[in-house]
Amino acid sequence: KNTNTSVTPTGAPAPSPADAESRLYTLQELIGEEELSPEQKENLDVVQRRTAYLNQLIAQLYEYSRLENRELPLTQERLDITHLFKEHILASYGEFEKAGLKLTLRLTDEPLWISADENGLLRIFHNLTSNCLKYGQKEASISLECTAGRAVLTFRNHAEGFTEKDAEQIFHRFYRKDASRNAQGSGLGMSVAKLLAEQMGGRLDAQLEEGMLAIRLLLPCADKSADT
């Protein structure tokens, strides 16, 4: 019996992300040589977009299942979260402009050393940024500081219509707020981010603060003695 097989929340084996992708290629191969009418091309475009979305959903469900079962090895190493996040947000800045969000950054200039898996940390950055872009309205702010021996990364954005209950449920699997700009979000991104944070010795929480949704990533700072 293979004890390393990931399963879905229903108990069925989790499909590989390659499964849906192969189906898309098969569809394209079947009709790729045919002359299509404008209506057929439009229908095909809808099918392809839907298939791409389902493929993304399967990939995230597969990742979540492996994380939940601790099948994804995380390599803890000494990282400067200040440097890594500044690189990430610089690459993502254009997305905020495209979404019409005024972004304010309050980031420490000091290196903040933590023990974390680099790929896992970057995935958390990506998921938190994606969530802010989906739900943020008008303006958003991001801060990074060291507080009580922990690196604290905080995303804040106006979230009209959000309630305390929404803030409590935001990390639940498949949770999606109707006000999202992207109606096809899987609802797994924040769940994945929370699992990654916890498995790296930190935590991720959310709460409403004066009409703003504040999502905080807290990770223990590494021993400063190692800097010398």
Less than 4.0 Å between a side-chain N and a carboxylate O, is that true for R216 and E209? yes
Separation between [atom1] of [X] and [atom2] of [Y], rounded to the nearest 0.5 Å:
{"X": "I215", "Y": "L213", "atom1": "CD1", "atom2": "CG", "result": "4.5 Å"}
{"X": "L217", "Y": "L204", "atom1": "CG", "atom2": "CG", "result": "6.0 Å"}
{"X": "W113", "Y": "E77", "atom1": "CH2", "atom2": "CD", "result": "10.5 Å"}
{"X": "I114", "Y": "L121", "atom1": "CD1", "atom2": "CG", "result": "5.0 Å"}
{"X": "L153", "Y": "L112", "atom1": "CG", "atom2": "CG", "result": "10.0 Å"}
{"X": "M190", "Y": "K134", "atom1": "CE", "atom2": "NZ", "result": "9.5 Å"}

Quick check on the hydrophobic clustering: are M212 and F155 connected, directly or via other members, by side-chain heavy-atom contacts under 4.5 Å? no
Evaluate side chain to side chain contact (heavy atoms under 4.5 Å, CB included) for L101 paired with E139, printing each intermediate quantity in order. CA-CA 5 Å; L101 282 175; E139 58 183 314; 5.7 Å; no
Give me the atom names and distance for the closest heavy-atom approach of [X] to [Y].
{"X": "L79", "Y": "A116", "answer": "CD1-O, 3.4 Å"}
{"X": "T129", "Y": "S92", "answer": "CG2-CB, 4.2 Å"}
{"X": "T154", "Y": "A214", "answer": "CG2-CB, 4.4 Å"}
{"X": "L219", "Y": "M200", "answer": "CD2-O, 4.2 Å"}
{"X": "C221", "Y": "C146", "answer": "SG-SG, 3.6 Å"}

Once you measure the plane-to-plane angle for F85 and F125, does it fall in the parallel (<30°), tilted (30-60°) or perpendicular (>60°) bin? perpendicular
So, E198 side chain and R203 main chain: donor-acceptor pair closer than 3.5 Å or not? no
Given 3.5 Å as the limit, does a donor-acceptor pair link the side chain of D117 with the main chain of T75, or not? yes
Looking at side-chain heavy atoms only, is the closest gap between S115 and P220 below 4.5 Å? no
Within a strict 4.5 Å, meaning less than it, do heavy atoms of the C132 and R156 side chains meet? no
Go through V192 and I124 one step at a time and tell me if the side chain to side chain contact (heavy atoms under 4.5 Å, CB included) criterion holds. CA-CA 8 Å; V192 167; I124 293 174; over 6 Å; no
Please go through L218's hydrophobic cluster and name the other residues, only I, L, V, M, F, W, Y counting, with side-chain heavy atoms under 4.5 Å joining them. V152
When you compare the side chains of R123 and N127, does any donor N or O come within less than 3.5 Å of an acceptor on the partner? yes
Expected list for residues 102-110: side-chain donor-acceptor pairs under 3.5 angstrom, two or more places apart:
from	atom 1	to	atom 2	distance (Å)
T108	OG1	E110	N	3.1
D109	OD1	K86	NZ	3.2

